[in-house]
Amino acid sequence: MSVCPSCEEPLEEADRFCGACGYDLSAAPRAAEPGSPDASVEWPAAPDLDSSDLPAPVHLPTDLQGTDSGGSELPAAVRFDDPPSDDGFRIAAPDPRTATPEQLDAATPPAGTKLCVACRAGHVDPDGYCENCGHAQPRERDHMEQELGAVAAVSDRGLRHHRNEDFFTISSAALPDGSAAVVAVVCDGVSSATRPDDASLAASRAATEALHEALPRGTHPQQAMHESIVAAAEAVNALADEPETAREHKPHQNSPACTFVASVVTKELLIVGWIGDSRAYWVPDDREAPAARLTEDDSWAAQMVAAGLMSEAEAYADERAHAITGWLGADAYELEPHTASFKPDRPGVVVVCTDGLWNYAESADEMARVLPADAARNPLHSAQVLVGHALDGGGHDNVTVAVLPFPVPQSGAGSA
């Protein structure tokens with residue numbers, strides 16, 4: 001070497017290190033003899049192109065034959081050490097355009113089973129997972145909608161919770177005089193309790209069953225509402241009756257619990273019942289008339305206001321505002337069902353909801369502004385709009401709302 005390969009300083013023949021930069025000359029590769037296997041590879045060059053050609057010519061990968069670092073041609077195809085076999089894992093369902101009737105019959109799930117939303121081929125097991133690809137399926141309660149003539153309800157998991165702990169039931173029943181009574185029950189599971197989703201479901205169904213037993217017998221709707229709250233409380237209390245062995249494994253769990261709000265609407269009366277901080281609002285069709293909140297929260301903030309210790313604004317600004325003082329559950333202090341009866345002088349709608357909605361429309365006036373003007377004619381769409389309002393506001397909690405027109409449209413009568 002005549003110069004250092006590192007700094008290009010002139011070298012002498014006996015030098016083992018560069019005098020300028022100290023480069024180890026014994027580590028430098030020596031030039032290969034022409035024609036030897038280690039000679040530099042002459043890589044093929046792309047042909048020169050006339051830059052005036054428009055558009056530029058298209059080149060395929062095969063137009064420029066590649067070689068490896070030793071000058072040999074590259075293999076024509078990629079090699080797989082373990083090619084997939086036909087016995088491996090399959091996800092795709094049979095193509096209905098090419099599959100035989102036997103293949104289609106084999107891929108059709110038995111009655112009552114569900115196909116996976118991910119692979120569209122596997123069956124969903126009772127735990128909610130695909131037997132084929134293992135994908136977890138959406139829960140049915142994540143988003144629920146129901147419309148029944150004169151009443152509609154929507155429930156959504158929200159944007160922050162991992163499950164929907166709310167539940168609702170809507171129905172209609174015939175009164176002894178042949179007129180209709182529309183019923184909506186909304187329950188909000190207490191997240192700090194054990195199995196809050198089971199509590200809200202049990203309370204909603206038990207209250208609805210009690211109302212449908214009492215109303216056709218001629219029981220006054222307000223008394224029937226009281227009895228339904230008692231029935232809901234008993235249903236939630238029953239969830240706490242677990243075997244002692246189960247309590248031994250989880251001794252620090254508290255009892256299932258939920259809040260409760262319901263409404264019964266007839267051609268003349270509007271009845272509400274509640275425990276906890278779920279609410280009912282009255283919004284007249286004539287928006288010039290005032291809207292009203294029909295329930296009073298069982299909460300720390302409501303108690304402070306009722307005692308005159310704080311203004312409503314101060315109480316609800318406190319971090320303890322939403323601590324509830326009443327609920328359904330075995331560890332509740334005592335059962336004090338709240339019921340109220342109203343006789344509106346004009347048509348309107350009743351909005352029955354959990355705090356997942358009214359946190360974003362707390363006052364009656366705010367609720368009236370959010371509720372569509374045609375709520376009495378389109379209760380389902382109105383419920384969807386209200387849930388959307390809560391989700392647009394942040395969706396920090398489960399959201400459930402039922403919309404009941406007053407008075408009950410005669411075409412809305414039916415059985416449940």
Side-chain angles (χ1 to χ4, degrees), residues 144-155 166-187 199-238 258-276 278 280-282 294-295 328 335-345 347-353 376-377 379-380 383 400-416:
M144 301 179 291
E145 296 186 4
Q146 187 178 0
E147 185 177 26
L148 183 64
V151 60
V154 177
S155 181
D166 292 354
F167 199 79
F168 71 82
T169 57
I170 58 175
S171 57
S172 61
L175 299 178
D177 63 359
S179 62
V182 176
V183 178
V185 180
V186 171
C187 294
S200 61
L201 184 148
S204 299
R205 291 180 173 174
T208 301
E209 292 176 4
L211 287 168
H212 280 276
E213 290 179 2
L215 291 173
R217 295 198 309 259
T219 305
H220 190 279
Q222 190 168 357
Q223 178 61 31
M225 178 65 74
H226 181 95
E227 295 174 1
S228 73
I229 297 176
V230 174
E234 293 174 349
V236 178
N237 291 350
C258 69
T259 66
F260 178 99
V261 64
S263 179
V264 175
V265 175
T266 70
K267 62 182 180 180
E268 296 179 348
L269 292 177
L270 162 57
I271 312 296
V272 294
W274 74 97
I275 287 184
S278 292
Y281 292 84
W282 162 253
L294 306 179
T295 58
L328 300 180
L335 181 62
E336 295 183 2
H338 310 299
T339 63
S341 178
F342 304 91
K343 195 170 185 179
D345 60 353
V349 295
V350 184
V351 176
V352 181
C353 64
R377 297 188 302 274
L380 178 59
T400 303
V401 58
V403 178
L404 303 85
F406 175 90
V408 177
Q410 292 304 310
S411 59
S415 60

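The first residue in the sequence is number 1, and the count goes up from there.
- What you find for Asp177 and Ser179 is that their closest heavy atoms are OD1-OG, 2.6 Å.
- Within the 4.5 Å cutoff, the side chain of Leu335 has heavy atoms near those of the Leu328 side chain.
- One distance of note links CD1 of Ile170 with OG of Ser204; it measures 12.0 Å at 0.5 Å rounding.
- The two residues Pro405 and Val265 come nearest to each other via the heavy atoms O-CG1, 3.6 Å.
- Rounded to the nearest 0.5 Å, atoms OG (Ser155) and CG (Asp166) are 5.0 Å apart.
- Looking only at side-chain heavy atoms (C-beta outward), Pro337 and Phe260 stay at 4.5 Å or farther from each other.
- Judged by distance alone, the side chain of Ser172 and the main-chain N or O of Ala181 form no donor-acceptor pair under 3.5 Å.
- The shortest heavy-atom contact between Leu380 and Glu145 is CD1-OE1, 4.2 Å.
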Fill in: Check against side chain to side chain contact (heavy atoms under 4.5 Å, CB included), Thr400 and Met144
CA-CA 9 Å; Thr400 303; Met144 301 179 291; over 6 Å; no
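- Residues Phe168 and Val186 approach most closely at CB-CG2, 4.1 Å, considering heavy atoms.
- Only one option out of Leu211, Leu148, Val185 pairs with Thr169 in a side-chain contact (heavy atoms from CB on, under 4.5 Å); it is Val185.
- To the nearest 0.5 Å, the span separating CD on Glu213 from OG1 on Thr208 amounts to 11.0 Å.
- Between the CD1 atom of Ile275 and the NE2 atom of His338 there is a distance of 6.0 Å, given to the nearest 0.5 Å.
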Name the atoms and distances for all side-chain donor-acceptor pairs under 3.5 Å in residues 224-235, with sequence neighbours left out.
residue: Glu227; atom: OE2; partner: Gln223; partner atom: NE2; Å: 3.3
residue: Ser228; atom: OG; partner: Met225; partner atom: O; Å: 2.6

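- Side-chain contact check for Ser278 and Thr259: at least one donor-acceptor pair (N or O, by modelled atom type) lies under 3.5 Å.
- Below 30°, between 30° and 60°, or above 60°: for Phe406 and Trp282 the angle between ring planes is above 60°, a perpendicular geometry.
- Residues satisfying the side-chain contact (heavy atoms from CB on, under 4.5 Å) criterion with Pro216, sequence neighbours excluded, are absent altogether.
- Within the 4.5 Å cutoff, the side chain of Phe342 has heavy atoms near those of the Val272 side chain.
- Contact between Leu404 and Ser263 at its shortest, heavy atoms only, is CD2-O, 4.1 Å.
- The shortest heavy-atom contact between Val236 and Ala199 is CG2-O, 3.6 Å.
- The backbone N or O of Ala280 sits less than 3.5 Å from a side-chain atom of Thr295, completing a donor-acceptor pair.
- Note that SG of Cys187 is 11.5 Å distant from CZ of Arg205, once rounded to the nearest 0.5 Å.
- The distance from atom CG of Leu269 to atom NZ of Lys343, rounded to the nearest 0.5 Å, is 6.5 Å.
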